[in-house]
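Given the structure is predicted, the values throughout are model-derived calculations rather than measurements. Below, read A as the first sequence line, B as the second, and so on, with proteins coming before strands; counting in each chain starts at 1.
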Protein chains: 2
Amino acid sequence: MDLSERKLKILQAIISDYVRTAEPVGSRTLSKHPELGFSPATIRNEMADLEEMGYLTHPHTSAGRVPSDKAYRLYVNALMEKKELSKEEKIVIAERLRGTTNEFEKTIEHAASILSEITNLTSFALTPKKTEDVLKYINLLPVDEDTVVLMIVSESGKVSNKAIQMNVPYTEENLQLLSKTMTYNYKGKTISQALTNNIIANFETDIVAMSGLAEDVMPNFMRTLEDMLNVNLYMEGLTNIFDIPEYSDLEKARNFIQMLSQKEELTRKLIERDDGIIVTIGEENTDDIMQDCSLITASYHVDGRLVGKIGVIGPTRMKYGEVTSIIEFLTDNLNNTFKLESGGNEDDD
Amino acid sequence: MDLSERKLKILQAIISDYVRTAEPVGSRTLSKHPELGFSPATIRNEMADLEEMGYLTHPHTSAGRVPSDKAYRLYVNALMEKKELSKEEKIVIAERLRGTTNEFEKTIEHAASILSEITNLTSFALTPKKTEDVLKYINLLPVDEDTVVLMIVSESGKVSNKAIQMNVPYTEENLQLLSKTMTYNYKGKTISQALTNNIIANFETDIVAMSGLAEDVMPNFMRTLEDMLNVNLYMEGLTNIFDIPEYSDLEKARNFIQMLSQKEELTRKLIERDDGIIVTIGEENTDDIMQDCSLITASYHVDGRLVGKIGVIGPTRMKYGEVTSIIEFLTDNLNNTFKLESGGNEDDD
DNA sequence: GTTAGCACTCATCTTGCCGGAGTGCTAATC
DNA sequence: GATTAGCACTCCGGCAAGATGAGTGCTAAC
């Protein structure tokens, strides 16, 4: 059941009108489109067909047509033209992104805020999950009698640490030995590899004198590794939702904001999305609560290895072409930023 | 112009009714109050007086009376009874607070979430500003040829660090020397003292060999100290606002949420509030945007020295007595938690 | 000083009406 | 056979009129 050229044109016109105005589109309005030289009646017939095929719906008998999720899907897959950003726009975005401090987290946060400003949608950005980050250096430092600081440095320049309360007395020598052993065992391993490889077992047999020390240190080491995997979620333009007619209903606005307030859950959902630019439209979202939203996410890369996410969430009625172009440009930009300038010059915390 | 006993009683009844129902209170309703054995007409006269004195307002002629901010202020200062929490409530709260992991930040976050749940308002919590935190130990650690990790440990157990890209080559010996000098100079100083006391000047004259090193390190040291002063703002129950009749207007809800989205600004405002339980009602807030909100904040202490904030924000029509009692109990609880268990057992980040 | 009574005000809810936008169907037209 | 004009029909949204009811202010009586 292929769509005729004409049906496609009509569908496209309906989508573009509806996206612009948020009003159901009628046959008369459409017949005035320059590319559509047909009378309203003809268009009505075509629209009736399109409705039967599931591409359009009808809020009520005497209203115009509204695109269905299926129509948006078709649009995104086939009809949509990616809007190439103008030179000026590109410059503005690039400038604003570069204008930030060169702190990693701040740059990400800023990218989200730019995105929400340009698209007038709610945007978010997720810092990379450091599963693939490689351990470089582990050290244990004496602070006072019963406190030792564990420090872990990774290739990406991230430094993590934890103050450990020691239950057994330690000597500086033992501490150094343990540091070296740990570095020897874990250096070059990714965090996720390290997490599945607890070397405490070896200690217990190998070096009896250190087993007590290791028992104090290793659980903390593991927990710190886990902490290193934590990602930050930045969100911007939450109140943009109030400008969107679809959410002029208080109950809907509430649900939307409530959904976005559940940061842990949201983070989980965003992380598990595939890489690249992914568009999910309305019902395609597995989540009940997101059934009338569309979500566009993209991944950016740090050092070509760590993967973060950035994207927008908004009503199914959104400018898919424009938004994807912007996100694409933005992630390209981030990829470059984090390729060239990356190194140890980033911040912990 | 003192208020008669009777006027006070009437005012109190109006406030308690209005807080409960969110509806303007009429004379007939009031005359049915058990403590108010007067006819509606008498009460009307008194209400007219109270209105003249600025304690009541009138949405329109044929509506009941609504308390003004001035009335709430009087209520909070003199009329309100602090509601002593019941044993069960106390136990529930204490249990839930204790049930969290013993990570500092998580506990604070959890406290905010408990607070918003119990009060049905929007709550927030601010981690302590560490201005008064005392430096304990500073170390510089070689990582690779041009990377050094700066580590700062404070009395409160906070460990901060920063990977530094070195522009000049270093020797391990120099590094140690600099570490020691810095520790010697800064140990026992508070962060705010340290920030106003850049010792780089001394280096340039004293130890020429190290001046290059210090020039690389010191700016990073200062920046890290500044970072250590950053506080985290947790917010919970943002969508509770939608349950409050005052905010059933979309525009108002939007403004409220927009205000709370500006985290930096909000943080600043909260920090600069006085310690102890502070209630600001409606117009008392210096901020335009908060003129129809009331804000209740309290401070909690860590180690008796560092001060954090916790509180709620909601409509001026709120249960001041109940809320302040809850906040008081919660901060007492936090104070105890952070007095006994504090030490080095907290997390960075 | 207190209260009953009464006229008056004003918001809100209900109802009915009308206009406009848009549809579906049929018959005429190209 | 595809296209179009015409027309009856549907439904939403806005508006006005009227009814309702809560509450007030004032006056006069208790």
Among D:dT4, C:dT23, D:dG23, find the nucleotide with the atom closest to the side chain of B:T29. D:dG23

Residue whose nearest DNA chain C nucleotide is more 5′ - B:A41 or B:H60: B:A41

Rounded to the nearest Å, what distance is computed from the CD1 atom of residue B:I43 to the C1' atom of nucleotide D:dA22? 16 Å

NA contact type, B:A63, heavy-atom cut-off 4.0 Å: base, sugar-phosphate, or nothing? sugar-phosphate

Please check if any side-chain donor atom of B:T267 sits under 3.5 Å from a side-chain acceptor atom of B:E264, or the reverse. no

With a 3.5 Å cut-off and no angle check, do the side chains of B:S261 and B:Q258 form a donor-acceptor pair? no

Could you tell me whether the side chain of A:Y247 reaches within less than 4.5 Å of the side chain of A:C293, counting heavy atoms only? yes

Check the side chains of B:T122 and B:N240 for a donor-acceptor pair under 3.5 angstrom, ignoring hydrogens and angles. no

Starting from P on C:dG24, measure out to CG on A:L50 and report it in whole angstrom. 12 Å

Rounded to the nearest Å, what distance is computed from the CG atom of residue A:N45 to the C1' atom of nucleotide C:dG22? 14 Å

Would you say C:dT23 has OP1 or OP2 under 4.0 Å from some side-chain N or O of A:S27? yes

Separation of B:E23 atom CD from C:dA11 atom P, in whole Å? 15 Å

Report yes if a side-chain nitrogen or oxygen of B:T42 is closer than 4.0 Å to either non-bridging phosphate oxygen (OP1 or OP2) of C:dT2; otherwise report no. no

Between D:dG23 (C1') and B:D17 (CG): distance, integer Å: 15 Å

If you compare every side-chain N and O of B:R65 against the phosphate oxygens of D:dA22 (OP1, OP2), does one of them come in below 4.0 Å? no

Side-chain donor-acceptor contact under 3.5 Å, A:S113 with A:S116: no

Can a side chain N or O of B:R28 be found less than 4.0 Å away from OP1 or OP2 on D:dT24? no

Starting from C1' on D:dA2, measure out to CD1 on A:I10 and report it in whole angstrom. 13 Å

Pairwise 5' ranking along DNA chain C for B:S39 and B:S62, keeping only the more 5' one: B:S39

Within less than 4.0 Å of OP1 or OP2 of D:dG6, is there a side-chain N or O belonging to A:R44? no

Below 4.0 angstrom from OP1 or OP2 of C:dT2, is there any side-chain N or O of B:R6? yes

B:K7 NZ to C:dT2 C1': how many Å, rounded? 14 Å

Nearest-Å distance for atom pair CD/P, residues B:E52 and D:dG25: 10 Å

